[in-house]
**Q** 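One structure, as structure tokens, below. Some questions next.
Here is the naming used below: chain letters follow the sequence lines, and residue numbers restart at 1 for every chain.
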Amino acid sequence: MSAYMTGIIIILCLNIIIAYSVFLPAAAGQLNLGAAGFMIIGAYTDAYLSSADEGLGLPIALTIPVAALFTGLVGFLMSFPILRTRGVYMILATFAFAEIVAGIVLNMEIVGGASGFPVTTHTELEVLLPVTVVVVLFGFYLISTRFGLSMRSIHDDENVSLLFGVNTHLVKVGAFTIGAFLGGLAGALYGHQFDYIEVQNWGILFSIYVLLYVLIGGTQTPWGPLVGAMFFTFIPEILRAIGDATGIELFTELRFAAFGVIIVGMMVLRPEGIMTRTFLELLFRKSIPKSNIKLS
Amino acid sequence: MLILQQLVNGLMLGSVYVMVAVAFTLTIGMLNFLNFTIPALFMVAAMITWAATAAGFHWLVAAAFGMIVAILASLVIERFTYRYMKAKYGDATEHALPLVSSLGFLIIFEHVVIMIWGTDPMTFNSPFAHAKFEISGIIFGIPQLISLALSIILVFGLSLLLKKTQLGRALRSIAEKPDTATLMGVDVGKIVPVVFVMTGFLCALAGILFTVNYQHVSPYIGDHVATNAIAGMVIGGLGNIWGAIAGGLLIGMVEVLSIHFWGADIIKVPVWSLMLIILVFRPAGLFGHTQIGKGKF
Amino acid sequence: MSNVLNLTSVEKSFGGLKVIDNVSFNVKKGSRTALIGPNGAGKTTIFNLLSGIYEVDSGNISLDNNDITQIPARKRINIGMSRSFQNIRLMPHLSTIENVMLGQHHLANSARENFFPLGLIKTNKWAKLAEQSLIEAGLDTYPGQVVSELPYGVQKRIEVVRALVSNPKLLLLDEPAAGLNSTETKELQILLEKASSSGTTLLVVEHDMNFVRNLCQHVVVLNFGRKIFEGTPDEVSRDPQVLEAYLGGNDNNAS
């Protein structure tokens, strides 16, 4: 495999994991613009625990899960204040959370502050790829359970879910916490791929992109974040390839702007995301509905 | 004396935040829409003013270009975010769609600007670089003073407009209850673009004044300003115009003072912690005014 | 026959306006009771008080002789109360069968059931149960279909099935026949009679008096938040006070 392909697959895997991190609360109707915050906590916890020079030098088989669990714990604790907010307030609250995390790390000299922190244990795809597969399978599994059903019910109608006995608060806390865990996991894995982490990589733009992966992919099914992350990883590369192949510089230069156009266009054409329930039915439909439905 | 100087500087910077914060608070209050194209409009107006000046136009002509482009862009954005969703789904706030579309526009504008002018910060040769005066050792930059005055006058005018005029009543009725507004004969389709024109105007003015005052532009200036403006808006309470003024000025002063005393990074933590606490426990903002609009997504 | 539901002097105000004023009535176990009244009489408010969406200001509500006034909305399904809504409140992005499975939620609310992959192992008992109740209701359409795409009448009946699968003692139905054509109304009536014959008590808010007369044995009439009459459907349609309320109510609406 060429280095270029490996590079794209690494980015794709990380994008997929962080997409599931934001997808889980989104599937329960909670928009999270704080992906960067979880990513930073996971990355720095893991880096500090595993780095041989400036950290504790622990093995990554230990540090990656610990970093993810720690991020999950932070997510769990933060979910109580954050889930008191709704809609635009929740978007701003999660954004504020990410800014706070970035601010704290920038001022922590023990992890290098603004100058970043080196990660000494390098891994290739042998760790990242299987973990990504497990995360995707886990996403599909979780959505298929009654817990997942409760999440999707809350997304559609929180009050009615409550009347049917769903502990809506617990479900939202659960989805947010598991999301935080996955965000921390993505952060921890990132360090071991790129050998260096710095907070500046994870600003508001990062959180925006991750939210876009999920909303463009679709929040109704676990296919959404997978397709959304692929879409966002491949489209710029495809545009670049077209530019290279045709020799038209404009394609290469325009690719990110074109990307914005595609997002606006997607919202016009597929406002509920690429992968909707009805779309999946079209793809996988096994039987034709029996027609004892009388059209009124 | 030094602190006083910093306070003055903070007030000047804050006046830029005020205009952007009011733009945010207007769209949230009226339309329940967190408009992420605001940083792009700010930046586009600033970049065009710089580019036109660099191309030899008088800076006033250049500023007019920037203003016109930003307002036109804002109208295009209205069509593809709010108007389209409204037409298709009845209630644009039902879905996260306008938000996503506005993020799409943010990406478009930033990258088109990068494509044309690159990512490097550019210096703007301000015609007023040396226009300043001193009162007992405190330096007042004249353009800064003008922008402070402008922003206060503008926002004062805006709130008068909302209170006293027919247009203002129509706008407020949309903010309260869009359906009832339609029944009462308010043409929502004609009024909503007005909000977007205002947004474009405020952002462009802020962008132009920022360029003139601080004499540099880059494709990323909008992000920092918008982030602080959002903080100002939250402090003042979402949908509260006077709150946005106070919040914007406060954030400007806190930023300048903290950079002076502690450096830029440390202040992030207390400011955003305060933000989070306000959002969670006191969503109406610090001043407790009643908000316009329903303020929910 | 004992009562399954007792309302004793229930009152509720919104912003100083008394919407429910000293309302008391009982619903007999196994009965089919209707709650009628002109628009704005407070019928849906009564339902919202019963299901715990609103708290009563004073008075109390008891189910099977246990005071439930203080029980939160989420727990009321556990003690045997389930409802449908005036405007369809199905989950639009869930399939028919998933909507029905939501109705089973309180029966399957253990950690083990919550994390069993229902959607991956399609032959689980909950799916079978849900499918069975759909077949019984004559709704054996494609169960995987997303409900927002189904016709109005079908959605309306799925809502009743969703409420029924929670095995309620008392089923609250808020205008179940509104917007249905005559065939669909007939089918709904059969479904409700079937539920009733298996022991579920029905309390129905309905405008369609024909439907009420065909289904219910007992009628409670509300007007302006007060109970003005109680009796059999025939008695109700003869009562001058009720006729007055309906005509008077219309006059008020017009003015």
Side-chain angles (χ1 to χ4, degrees), chain A residues 27-29 137-171 174 178 218-222 224 272-273 275-296, chain C residues 51-53 72-78 81-83 85 89-95 98-99 101-111 113-121 126 138-146 148-154 156 162-163 166 179-181 183-184 187:
Chain A
L137 292 177
F138 174 74
F140 275 81
Y141 156 76
L142 196 67
I143 291 300
S144 85
T145 62
R146 191 166 275 285
F147 182 81
L149 183 65
S150 302
M151 281 165 51
R152 290 179 292 149
S153 301
I154 293 169
H155 175 277
D156 281 1
D157 196 328
E158 188 167 346
N159 291 328
V160 172
S161 309
L162 192 80
L163 288 181
F164 279 98
V166 176
N167 190 339
T168 50
H169 191 68
L170 190 69
V171 171
I178 301 171
T219 56
Q220 296 170 15
T221 74
E272 298 196 307
M275 304 306 282
T276 58
R277 290 290 298 252
T278 23
F279 183 62
L280 279 175
E281 244 170 72
L282 276 178
L283 286 180
F284 299 123
R285 176 168 287 178
K286 289 176 201 113
S287 60
I288 299 158
K290 288 182 209 162
S291 57
N292 73 345
I293 298 172
K294 293 161 198 77
L295 291 168
S296 48
Chain C
S51 50
I53 297 173
R74 181 168 75 80
K75 301 247 164 89
R76 294 200 183 188
I77 196 157
N78 298 327
M81 193 150 54
S82 179
R83 71 173 285 187
F85 299 85
R89 298 281 289 268
L90 288 172
M91 310 309 186
H93 297 117
L94 298 189
S95 68
E98 284 168 335
N99 267 288
M101 281 170 152
L102 179 66
Q104 307 161 337
H105 189 83
H106 79 107
L107 303 169
N109 202 5
S110 67
E113 294 288 4
N114 262 311
F115 291 97
F116 178 82
L118 293 171
L120 299 179
I121 301 164
W126 298 108
L139 292 165
D140 50 338
T141 135
Y142 186 59
Q145 189 120 351
V146 175
S148 59
E149 300 190 321
L150 295 171
Y152 182 85
V154 176
K156 204 82 190 168
R162 177 176 71 175
S166 67
L180 299 191
N181 63 32
T183 335
E184 289 168 334
E187 282 168 338

**Q** Counting heavy-atom pairs under 4.5 Å with chain A, which one of Ser166(C), Pro117(C), Pro72(C), Ala163(C) comes out on top?
**A**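 Highest number of heavy-atom pairs under 4.5 Å: Pro117(C).
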**Q** Within a strict 4.5 Å, meaning less than it, do heavy atoms of the Leu149(A) and Gln104(C) side chains meet?
**A**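 Heavy-atom side-chain distance check fails, nothing below 4.5 Å.
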**Q** At what distance, to the nearest 0.5 angstrom, does CZ of Arg83(C) lie from CZ of Phe164(A)?
**A**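 Those atoms lie 9.5 Å apart.
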**Q** Report the distance from atom CD1 of Ile53(C) to atom CG of Leu163(A), rounding to the nearest 0.5 Å.
**A**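 Reported value, rounded in 0.5 Å steps: 4.5 Å.
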**Q** Under a 4.5 Å cutoff for heavy-atom pairs, which residue among Arg76(C), His106(C), Met91(C), Glu113(C) has the most contacts with chain A?
**A**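 When all of Arg76(C), His106(C), Met91(C), Glu113(C) are compared, Met91(C) has the most.
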**Q** If every non-hydrogen atom of Tyr141(A) is compared with every non-hydrogen atom of Leu120(C), which pair is closest and at what distance?
**A**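 Closest heavy-atom pair between Tyr141(A) and Leu120(C): CA-CD1, 4.1 Å.
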**Q** With a 4.5 angstrom heavy-atom cut-off, could you sort out which part of Ile143(A) is near chain C: side chain, backbone, both or neither?
**A**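 Interface part for Ile143(A): neither.
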**Q** Select one option (side chain, backbone, both, neither) describing which atoms of Phe116(C) are under 4.5 Å from chain A's heavy atoms.
**A**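 The answer is the backbone of Phe116(C).
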**Q** Side chains of Ser161(A) and His105(C): closer than 4.5 Å at any heavy-atom pair?
**A**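 Not touching, per the 4.5 Å side-chain cut-off.
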**Q** Does any backbone or side-chain atom of Ser95(C) lie under 4.5 Å from a heavy atom of chain A? Answer side chain, backbone, both or neither.
**A**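 For Ser95(C), backbone and side chain are both near chain A.
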**Q** What residue in Asn114(C), Ile77(C), Val146(C) has the most heavy-atom pairs under 4.5 Å with chain A?
**A**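 Answer, by heavy-atom pair count under 4.5 Å with chain A: Asn114(C).
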**Q** Name the region of Asn78(C), side chain, backbone, both or neither, that has any atom closer than 4.5 Å to a heavy atom of chain A.
**A**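 Contact with chain A involves no heavy atom of Asn78(C) at all.
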**Q** Quick check: closest heavy atoms across Leu94(C) and Ser153(A), and the distance to 0.1 Å?
**A**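 Residues Leu94(C) and Ser153(A), closest heavy atoms: CD1-OG, 3.6 Å.
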**Q** When you compare the side chain of His169(A) with that of Arg74(C), does any pair of heavy atoms fall below 4.5 Å?
**A**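 Not in contact.
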**Q** Which bit of Ser82(C) comes within less than 4.5 Å of chain A, counting heavy atoms only: side chain, backbone, both or neither?
**A**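 Side chain only.
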**Q** Side chains of Arg89(C) and Asn159(A): does their closest heavy-atom pair fall under 4.5 Å?
**A**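 Counting from C-beta outward, Arg89(C) and Asn159(A) do come under 4.5 Å.
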**Q** Hey, are the side chains of Met101(C) and Arg146(A) touching, using non-hydrogen atoms and a 4.5 Å cut-off?
**A**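 Met101(C) reaches Arg146(A) side chain to side chain.
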